[in-house]
Amino acid sequence: MDYFIELFFGGLTRGSIYALIALGYTMVYGIIGLINFAHGEIYMIGAFTSFIVATVLSIYGFPLLAIVVIAGLAAAVWSSAYGYTIEKLAYRPLRKAPRLAPLISAIGMSIFLQNYVLLAQTSDFLPFPALIPDFEFMEPVAHIVGSSDLAILVLTTLVMIGLTFLIKFTKIGKAMRATAQDKTMAVLVGINVDRVISATFVIGSALAAIGGMLIASHIGQINFYIGFIAGIKAFTAAVLGGIGSIPGAVLGSLVLGLTESFATGYISSDYEDVFAFSLLVLILIFKPSGLLGKAETKKV
Amino acid sequence: MFPVKELKRSFLISIWFAFLTFPIMVIKVDPIERTVLWRWDNMFFIAFGSFVISILAKVYLLRKERRAGRKKAKKDIAEPFVQRILREPRFLYPLSLAVLVLALVFPMFFSTYQTNIMTTALMYVVLGLGLNIVVGVAGLLDLGYVAFYAVGAYSYALLNLHFGLGFWAVLPIGGLFAAFLGVLLGFPVLRLRGDYLAIVTLGFGEIIRLILENWNDFSQGPSGIANIPRPGFFGMDMSFASGITYIYYIVVALVIITIFVVNRLQNSRLGRAWLALREDEIACQAMGIDKTKTKLIAFSLGAFWAGFVGVIFAAKTTFVNPASFTFLESAIILSIVVLGGMGSIVGVIFGALILILMPEYLRALSEYRMLAFGGILVVMMVFKPDGIISNVRRSYRFKKHHSKEVIEP
């Protein structure tokens, strides 16, 4: 039973990290219909920025709490800056281009960013400092649920609540929903669509950066290549839940995380990614619009 | 001349980029030695570089605008130079003959190394043309194309290992295996909308690679299969160099066959059905086109070429392992199609030659070539999203005395 609970919490942790990344995908897709391939790289840059900042601060002897807060903020700020810049450079000029053009641009951006970090930093795996301390009250259950699992779950839940609030009740959230529904109509009622799209990229990137920092400190090492597989998994999760739907992204991520966790725990760890993709294929075959996505009926 | 306002803007851009690249470019930490290296010179280079580039981009855009304004009056002549050549048979035939002769004498004038690179580039031409059927003509976004390539390569490696089958026997088998897999995968997933199809094919490509990597009994895992024989020629013993030349000619022949077949297909009843399906599925069904069947044919035909090239790849490198079949490979093939111009055969050929030869000759800047590759993809898409040579739809024009074009039944 302990093993089951351990796997369950492991899956939840994994799923909530996927959710942080998947939200960026699903929000961008919902608004401009683009698979933002560079999003995984944003996550990687977030992890790297927090790694650099945290290590520098710890070398200069800052207290742990300050390190966590400053590194998290730095990761969010810089990742958002990257997201904003990428949108402006690589996607905005392609608004009216054929459908595949922005996708290729995104793939190019992803390759570019990977190699940029590879050249500017290193190709080795870097040890990520443990940012989350072992809490004392977790002592009795520490062999099942680690402190970093708990911290990740709590933090992600808080972020999700914040995001829901932002989208439901603020002006920019309303503008985002309007733009996602109908871009032309949104322009007609006086919404600055370009700014809404930029804001989407900024928010999505910040979420990915937080995810990047959390998972890097959970796993304990980073590399310039981590963005690719995480990005694909998160995108899988977003599609699983029904792309474009925010609760769908969270649900899809949790399902994916749990599936992976149980499959690796009970069957075999070699085929971890195969399970993820097989799940995706199965769900898409039987419910093509994803778990929570709306089936689109096309009218002629 | 150059407005001061723009200079100020470029200055702000350079500051923005200096800020953006600050943590990654300037700071380098050593977590084990616990030292920090501040590389301020990098910041200067970034700021200066982005300043210059932003000015250049602005100048380019201004000139383009001015040219566009001037051109508006005589818009009708705007047909690109390349397309005019391609349309006129009296230019096209001598030109293709010249290219063919050039391709045939290539190994005699260049070293084995150059021939080898050219072989790789031509293999990508075939891959690009195969994917072009799926993505460019039929409009199905396939991000897992490399899976079929892997199937071809592994079918040669495994059939040779276990049953001792030769290159020529496996060549069609590899293609058929891949096509069969295409049908198998296509049957359930082709109902999906475009982007879902993209992610499912991506997942499928990864699944194939992971299976090859982990199923040790079947594929010998990550270490791959070595000592695959090169193709033989009636049992003749060939030196290393002549073997490479031989493969080169095989690939040239394959390219010619592919161009011929794809060209014929595009203007056939089936090709027109693909184009129609790409433009509007519902209208297409109303016209009585079997949607699933047409898509499946496109998908499996594309897979067939990939399997073909896969077999040649295994024979050329004499070694296969799963690392050759990553998503990056799919991305490169897709980039060839899109960069060259979707649906355009000449465009795909140019795209393949540029994208494959460029990194080879950029080896001087070896570290930076993938960086440049990514950057060029983005720049190409931003400035020329239709690709190098965009496809022109075949159209029928009336001539004065007789109509040369015959409408196919």
Side-chain angles (χ1 to χ4, degrees), chain A residues 29 33 35 45 48-49 51-53 55-56 59 74 78 81-82 85 89-90 93-94 97-105 107-122 126-127 129 228 232 235-236 239 243 270-271 273-274 276-278 280-281 284-285 288 296 298 300, chain B residues 16-17 19-25 27-32 34-36 42 135 141 188-189 191-196 198-200 202-204 206-207 210-211 213-214 281-283 327-328 331 334-335 337-339 342 367-368 370-371 373-383 385-386:
Chain A
Y29 190 91
I35 303 175
I45 284 176
F48 254 93
T49 309
F51 161 75
I52 291 167
V53 172
T55 316
V56 168
I59 287 172
W78 261 287
Y82 274 98
T85 314
L89 281 182
L94 293 174
R99 208 174 56 86
L100 279 180
L103 187 72
I104 297 291
S105 181
I107 292 175
M109 209 44 168
S110 162
I111 297 173
F112 180 84
L113 288 176
Q114 270 178 24
N115 285 279
Y116 156 69
V117 172
L118 166 75
L119 291 172
Q121 294 287 324
T122 171
L126 294 166
F228 175 70
I232 288 195
F235 185 70
T236 305
V239 174
I243 194 154
D270 285 346
Y271 290 99
D273 298 347
V274 176
F277 293 126
S278 310
L280 174 79
V281 172
L284 283 183
I285 288 169
E296 236 172 78
K298 203 172 166 192
V300 188
Chain B
W16 172 254
F17 274 96
F19 161 77
L20 190 68
T21 52
F22 172 69
I24 307 261
M25 288 296 282
I27 312 173
K28 187 167 166 76
V29 291
D30 191 329
I32 297 153
R34 300 187 70 74
T35 51
V36 188
N42 278 349
V135 180
L141 182 51
V189 304
R191 292 183 303 139
L192 301 173
R193 269 198 299 133
D195 305 294
Y196 288 119
I199 190 72
V200 169
L202 194 159
F204 173 72
E206 287 294 298
I207 289 177
L210 289 165
I211 288 178
E213 209 155 89
N214 290 311
E281 283 193 7
I282 296 175
F327 169 68
L328 186 69
L334 183 66
S335 311
V337 175
V338 177
L339 199 67
M342 286 205 293
E367 284 184 328
Y368 297 95
M370 283 317 279
L371 189 81
F373 179 67
I376 287 171
L377 278 187
V378 176
V379 171
M380 257 319 277
M381 284 302 112
V382 170
F383 289 108
D386 288 324

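Here is how names work: the chains are called A, B, and so on, in the same order as the sequence lines, proteins then strands, and each is numbered from 1. The basis for the numbers below is simple: all heavy atoms, side chains too, and nothing from hydrogens, waters or symmetry mates.
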Next item on the list: Quick one: do A/Phe228 and B/Leu328 satisfy side-chain contact (heavy atoms from CB on, under 4.5 Å)? Show the steps, please.
Entry: CA-CA 10 Å; A/Phe228 175 70; B/Leu328 186 69; over 6 Å; no
Margin query: To the closest 0.5 Å, what do you measure between CZ (A/Phe51) and CD1 (B/Ile27)?
Written below: 11.0 Å
Notebook entry, point to check: How long is the span from the CZ atom in B/Phe327 to the CD1 atom in A/Ile232, to the nearest 0.5 Å?
Noted result: 5.5 Å
Checklist line | Heavy-atom closest pair, residues A/Ala120 and B/Met25 | finding: CB-SD, 3.4 Å
Check: Can you name the closest pair of heavy atoms from B/Lys28 and A/Thr122 and give their distance?
Finding: NZ-CB, 4.1 Å
Next item on the list: Indicate the atoms forming the closest heavy-atom contact of B/Ile24 with A/Ile52, along with that distance.
Entry: CA-CD1, 4.3 Å
Next item on the list: Could you check A/Leu103 against B/Leu141 for side-chain contact (heavy atoms from CB on, under 4.5 Å), going step by step and ending with a plain yes or no?
Entry: CA-CA 10 Å; A/Leu103 187 72; B/Leu141 182 51; 3.3 Å; yes
Check: With only heavy atoms counted, which part of A/Ile59 is less than 4.5 Å from chain B, the side chain, the backbone, both or neither?
Finding: both
Checklist line | Under 4.5 Å from any heavy atom of chain A - which part of B/Phe204 | finding: neither
Notebook entry, point to check: With sequence neighbours left out, what residues match A/Val274 under side chain to side chain contact (heavy atoms under 4.5 Å, CB included)?
Noted result: A/Tyr271, A/Ser278, B/Ile207, B/Leu210
Check: Does the side-chain contact (heavy atoms from CB on, under 4.5 Å) test come out yes or no for A/Ile107 and B/Leu334, once each step is laid out?
Finding: CA-CA 10 Å; A/Ile107 292 175; B/Leu334 183 66; 4.3 Å; yes
Check: Side chains of B/Thr21 and A/Tyr82: does their closest heavy-atom pair fall under 4.5 Å?
Finding: yes
Checklist line | Winner by heavy-atom pair count (cut-off under 4.5 Å) against chain A, out of B/Leu377, B/Val379, B/Ile211, B/Val135 | finding: B/Leu377
Check: Minimum heavy-atom separation for A/Met109 to B/Val378, with atom names?
Finding: N-CG2, 3.5 Å
Margin query: Taking side chain as everything from C-beta outward and backbone as N, CA, C, O, which of these in B/Leu202 sits under 4.5 Å from a heavy atom of chain A? Side chain, backbone, both or neither.
Written below: side chain
Next item on the list: Answer with side chain, backbone, both or neither: which region of A/Leu113 has an atom nearer than 4.5 Å to a non-hydrogen atom of chain B?
Entry: neither
Item checked: Non-hydrogen atoms of A/Trp78 and B/Leu20 that approach each other most closely -> CD1-O, 3.4 Å
Next item on the list: Measure across B/Val29 and A/Val56 and return the closest heavy-atom pair with its distance rounded to 0.1 Å.
Entry: CG1-CG2, 3.4 Å
